[in-house]
Number of protein chains: 2
Amino acid sequence: MKEGPSIATIAALIGDPARANMLGALMAGRALTAGELAREAGVRAPTASGHLARLSEAGLVLVEAQGRHRYFRLSGPDVAHVLEGLMGLAARTGRLRTRPGPRDPALRQARTCYDHMAGEWAVRLYEGLLADGRLTAAEGQVSLTEAGRSFFRAEGVDLSALEAGRRPLCRACLDWSERRPHLGGTLGRAILDHAVARRWVRPSTEGRALTVTPPGLMALRAWVGDAVTPLSETIGRAGG
Amino acid sequence: MKEGPSIATIAALIGDPARANMLGALMAGRALTAGELAREAGVRAPTASGHLARLSEAGLVLVEAQGRHRYFRLSGPDVAHVLEGLMGLAARTGRLRTRPGPRDPALRQARTCYDHMAGEWAVRLYEGLLADGRLTAAEGQVSLTEAGRSFFRAEGVDLSALEAGRRPLCRACLDWSERRPHLGGTLGRAILDHAVARRWVRPSTEGRALTVTPPGLMALRAWVGDAVTPLSETIGRAGG
DNA sequence: CGATTGCTTCGTCCTCCGCCGAAACGTCGG
DNA sequence: CCGACGTTTCGGCGGAGGACGAAGCAATCG
């Protein structure tokens, strides 16, 4: 109890399995109702309600009442960032007490990481953009090259809007399943929006998984170049 | 217990006050003995021993036996990074259940953040380097300008060594007390080493606090330029 | 060689908290 | 209005785990 109890409180809040599952579900970026989160966490409604009250009181999630539903979402990217960091630690350090569930392959392949893409596909995309000279990672810092800027402008991405805020355009976000970086930042977010809008990927109705559609397969392959292994072998395992 | 128990395990590990205090103490970057950590956490030796066993089994800390002492340290920058993230969340979200203790002003002023400097001084340093055109933060990505490279070379910093590894040279690390970024990465580390070697700052014998020595005051002020407010006025001021 | 110090293991106590069922509150639909 | 549904509050149960003292090893010192 000397100087830093607050960090313990926050960590303990995340440290309960039920609450961790809820937060993990919210990593998909969507707002979910208390009932959905209860199911996601594998607990009854009263239990979930208590957990959610504590999470929102601590400011980790925000709640919005809508009719008889209450929608919860993460209170910001910083929360998501810490959660991803914890996943990284868990992947690096933990024995895998988590028996690899049936849904895991789909998650490993493509998923949302709060507001951008993660998983095999995201890592490939990142490495493809690097290989094509559209991104550069000098000194470990990612930035968009001139070629990359014209590429995304041609795709219809409004780069100046993405650079308006305080949040960086490009950020290397360590993928906890692949152990290699993928693209975060506002550009990462824009790419996910882009891909969803063009039906290249379809977010799972619940959960973080992303399904890559056939046209998406073509489009993404064009983005990442032909040098990349065809994905077809890994698609369609463990439907959901 | 659905898909993500591992993150809960790690977070729960950090979520105990005694363990959190130990990890916080290790954020100073030094290796500490079990006894020191017990004192730091405010628990007896047996309790501390149990906690440290769990922390090292989970891979959050590394242990090295030396005579009858056992030295513990954080297992890597990723652990420190997650801890800093948690501190940020705690500062942003938490009601301040932590009454601002007497030691806090010193910590706010200058402290170590695992292996680089944090606190008021570190933020000033960062902003001074930016203002002088030695660092550039285009697109939210920090990098060293040509002027900056010559500056640090002249100071005797071996930049190529710093760029050798996988870890980035410059990283903007959010300062949880100042809520503004300071400099991390290998350059951040080198600056701390530099400042310690030249007796500009003196690490507290225990804890993360850094004391700025009178010559250090001169030197750092020269680094950050005269435009920066003298430190004397802001010492002991709280809040933001 | 015996005393001291640092750390761990063991056994025990005890508090905390996560879980649920039952019931209350509110919203929506007939 | 009344019933269905989503959510919260309440009360009680049970288990996990954090705390300590005493004792056991191991290394250092006189």
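Just so it is clear: chains get the letters A, B, ... in the order the sequence lines come, proteins before strands, and each one is counted from 1. For clarity, every value in this text was computed on a predicted model and none was experimentally measured.
Side-chain proximity of A:Pro46 to C:dG6, C:dC20, D:dG21: nearest is C:dC20. Side-chain proximity of B:Ala18 to C:dC28, D:dA19, D:dT8: nearest is D:dA19. Of the listed nucleotides (C:dC20, D:dT8, C:dC7), C:dC7 has the atom at the smallest distance from the side chain of B:Arg70. With distances taken from any side-chain atom of B:Arg19 to the nucleotides C:dC7, C:dC19, D:dG18, the minimum falls on D:dG18. Side-chain proximity of B:Asp16 to C:dC7, D:dA19, C:dG18: nearest is D:dA19. Closest to the side chain of A:Arg68, from the set D:dG6, D:dG17, D:dT9, is D:dG6. With C:dC19, D:dC20, D:dT7 as the choices, the nucleotide that has an atom nearest any side-chain atom of B:Arg44 turns out to be D:dC20.
Although no hydrogens or angles enter the test, the distance criterion places no donor-acceptor pair under 3.5 Å between the side chain of A:Arg19 and the main chain of A:His51. Between the A:Ser56 side chain and the A:Leu62 main chain, no donor and acceptor come within less than 3.5 Å of each other. Panel note: side chain A:Thr33, backbone A:Arg70; no donor-acceptor pair is recorded below 3.5 Å.
What separates CG of B:Leu32 from P of C:dG6 is a distance of 15 Å, to the nearest Å. A:Leu13 places its CG atom 11 Å from the P atom of C:dC17, with the value rounded to the nearest Å. Here C:dG6 presents its P atom at 16 Å from CG of B:Leu52, a figure rounded to the nearest Å. The OH atom of A:Tyr71 sits 18 Å away from the C1' atom of D:dT8 (whole-angstrom rounding). Rounded to a whole Å, the CG atom of B:Leu55 is 15 Å from the P atom of C:dC7. Here D:dT28 presents its C1' atom at 14 Å from CD of B:Gln66, a figure rounded to the nearest Å. Taking atom CG of B:Leu37 as the reference point, atom C1' of C:dG6 lies 13 Å away to the nearest angstrom. As a whole-Å value, the separation of B:Glu57 CD from D:dG17 C1' is 15 Å.
Counting any heavy atom pair closer than 4.0 Å across all strands shown, A:Ala34 reaches sugar-phosphate atoms only and no base atom.
OP1 and OP2 of C:dC17 both lie 4.0 Å or more from every side-chain N or O belonging to A:His51. At the phosphate of D:dT7, OP1 or OP2 sits under 4.0 Å from a side-chain N or O atom of A:His69. The phosphate of C:dC19 has neither OP1 nor OP2 within less than 4.0 Å of any side-chain N or O from A:Thr47.
Residues B:Leu23 and B:Leu55 have side chains in contact (heavy-atom distance under 4.5 Å, counting atoms from C-beta outward).
Between A:Phe72 atom CZ and A:Glu36 atom CD the span is 11.5 Å, to the nearest 0.5 Å.
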